[in-house]
Amino acid sequence: MRVAVGSDHAGFELKVSLAAHLAGLGHEVVDYGTWGTESVDYPDFGAAVGRGVVGGQADLGVCTCGTGIGISIAANKIPGVRAAVVHDVSSATLAREHNNANVVCFGGRLTTPHVATEALDAFLGAAFQGGRHQRRIEKIAALEVSSGAGEAGGVG
Ligand code: RB5
C-alpha cells in the first residue's frame with residue numbers, strides 16, 4: 001500500500017517514527033514534509049497529504065502535529081478526505097470501520113510513539129463496515145457538494 005505522511009514541526013518526530021514503521025511493514029511511504037523541527041504551518045502539510053490521497057498518489061494518509069487536531073482540520077478541507085484524530089486502538093479501529101477514514105491523525109505532544117504505532121496498525125488492519133455507515137459517508141460527501149467545496153474553485 002502507498003501511504004502519504006505529513007506533519008508540522010510538533011509532529012515531526014512522531015511522523016518519522018510512524019513512517020519507519022510503515023516502511024518496515026513493506027508499505028511505500030510518500031513523505032509530504034515537513035522535514036525538520038523548524039516551525040512551520042500545519043495546514044500546508046495536512047492539505048498536501050489530503051491532496052495526495054484524493055489524487056490517488058496514496059491509498060491512505062497519516063498526519064501528525066502537536067495534537068493531531070489542526071492538521072486534521074486542514075486535511076478535511078480537501079474534498080474527499082475523511083481525516084480522523086485518533087488516540088488509541090479503539091478510536092483508530094472505529095475511524096476505519098464506521099467513518100471509512102482515509103487519513104489518520106495523531107498528536108505528537110499527546111500520544112507516545114508506542115501507542116500511536118499500535119493505533120496505526122489497528123487503522124491499517126480494520127475495514128469499513130459499510131451498511132448504515134455507507135449512508136452516513138454519502139451524507140458527508142453531499143455536504144461537500146452543497147457547500148461548493150467539491151466543485152472547481154472550491155478549497156480542493
Ligand atoms: C504547533 O505549536 C501546534 O499548534 C500544532 O502542532 C497543532 O497542535 C495544532 O493543532
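Counting convention: from 1, in listed order, for ligands and their atoms alike. Computed over heavy atoms, backbone and side chain alike; hydrogens, waters and symmetry mates excluded.
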Provide the full list of salt bridge (Lys or Arg N to Asp or Glu O under 4.0 Å) pairs with a residue in residues 93-113, sequence neighbours left out, each pair given once. none
Minimum side-chain heavy-atom gap Asp59-Val53 below 4.5 Å: no
Is Val86 close to Cys105 at the side-chain level, that is, under 4.5 Å between some pair of heavy atoms? no
Answer with yes or no whether the hydrophobic clustering places Phe45 together with Val16; edges join I, L, V, M, F, W, Y residues whose side-chain heavy atoms lie under 4.5 Å apart. no
Which pairs of N or O atoms, one from ligand 1 and one from the protein, are separated by less than 3.5 Å, and what is the distance for each pair?
from     : atom 1 : to     : atom 2 : distance (Å)
ligand 1 : 2 (O)  : Arg109 : NH1    : 3.2
ligand 1 : 6 (O)  : Asp8   : OD2    : 2.5
ligand 1 : 6 (O)  : Gly66  : N      : 2.7
ligand 1 : 8 (O)  : Gly66  : N      : 3.2
ligand 1 : 8 (O)  : Thr67  : N      : 3.0
ligand 1 : 8 (O)  : Thr67  : OG1    : 3.3
ligand 1 : 10 (O) : Thr67  : OG1    : 3.3
ligand 1 : 10 (O) : Gly70  : N      : 2.9

What's the spacing between Thr64 OG1 and Glu13 CD if we round to 0.5 Å?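 Answer for the OG1-CD pair, Thr64 versus Glu13, is 10.0 Å.
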If we ignore hydrogens and angles and just use 3.5 Å, is the side chain of Asn102 paired with the main-chain N or O of Leu60 as donor and acceptor?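 Between the backbone of Leu60 and the side chain of Asn102 there is no qualifying donor-acceptor contact (under 3.5 Å).
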